[in-house]
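These notes concern the structure reproduced below.
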Amino acid sequence: MKYLIIADIHSNLEAFEAVLEDAQNHGGFGHTWCLGDVVGYGPDPVACIKLLKQLDPVCVCGNHDSAAVGKIDVGDFSSEAARANRWTAGQLSAEDREFLSGLPDLLVEDDFTIVHGSPRQPVWEYISHSFTAADNFRYFATRFCLVGHTHVPFLFEHDGAEVSGSVLRDGDVLVMGDNRLIINPGSVGQPRDREPRASYLIFDADEMMLRNYRVTYDVTATQEKMERADLPDFLVSRIAWGI
Ligand code: ZN
């Protein structure tokens, strides 16, 4: 069985559609695990929720999802993120709000703990460094943990003594052995590793293999929609740079 692992779609429909098409071209998938931040920043929150629901996903809640339905305050957001989040909240139907409100902070599926930020603080904490990862290995009981939130595809590996980290790049294949792992698939809709292509993972449960893929999408089309929605200029430009 193959699993599509995605995070931080951020209302970017062009990127999301490109990921689904690319995943089909690479052998398809039977299940979808989504690590939160379905909405926020981008111009298509409603269409992205609709498309995601069609995949019948296992999905947890991100900070932008929580903020869009008023579960958390945007006071801790950057001014651009807060402005985009208020715009997003105004687009959502009652059904969309119900979907986002119902997303849990943490899920366990087989050998995987699934969160947006970290197992210690599922909605807010960023795991960007090995020392943060090392602390977090104590906060989940499964072999593997999937996280998003940083928008950078990354792998932290615990060999029983030490934690090491490495960036995941397009085409990287990981054969999962005995080591415990914290795995970040990168972002579909707003990558931040100076690489604008949408990022995702495919997990092959039969082979116990993970593979990272990057796919180009029509960034200009997304940017034009953002400009028409009067979303902040920095958010419009950053998706072209992957920052
Ligand atoms: Zn995010």
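Values below: all heavy atoms of this structure, side chains included; hydrogens, waters and symmetry mates excluded. Order of listing sets the numbers, starting from 1, for every ligand and every atom in it.
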Give a yes or no on whether His10 keeps an N, O or S atom under 2.8 Å from the Zn ion (ligand 1).
yes
Near the Zn ion (ligand 1), is there an N/O/S atom from His64 that is less than 2.8 Å away?
no
Can any side-chain N or O of Asp65 pair as donor or acceptor with the backbone N or O of Val39 at less than 3.5 Å?
yes
Is the backbone of Tyr41 close enough, under 3.5 Å, to the side chain of His10 for a donor and an acceptor to pair up by distance?
no
Do you know which two heavy atoms are closest between Leu235 and Glu80, and how far apart they sit?
CD1-O, 3.7 Å
Of all the N, O or S atoms in [X], which one sits nearest to the Zn ion (ligand 1)?
X: Asp8; answer: OD1
X: His151; answer: NE2
X: Asp37; answer: OD2

Over 60° means perpendicular and under 30° means parallel, so classify the ring planes of Trp124 and His149, tilted if in between.
perpendicular
Take the angle between the ring planes of Phe137 and His158 and call it parallel below 30°, perpendicular above 60°, tilted in between.
perpendicular
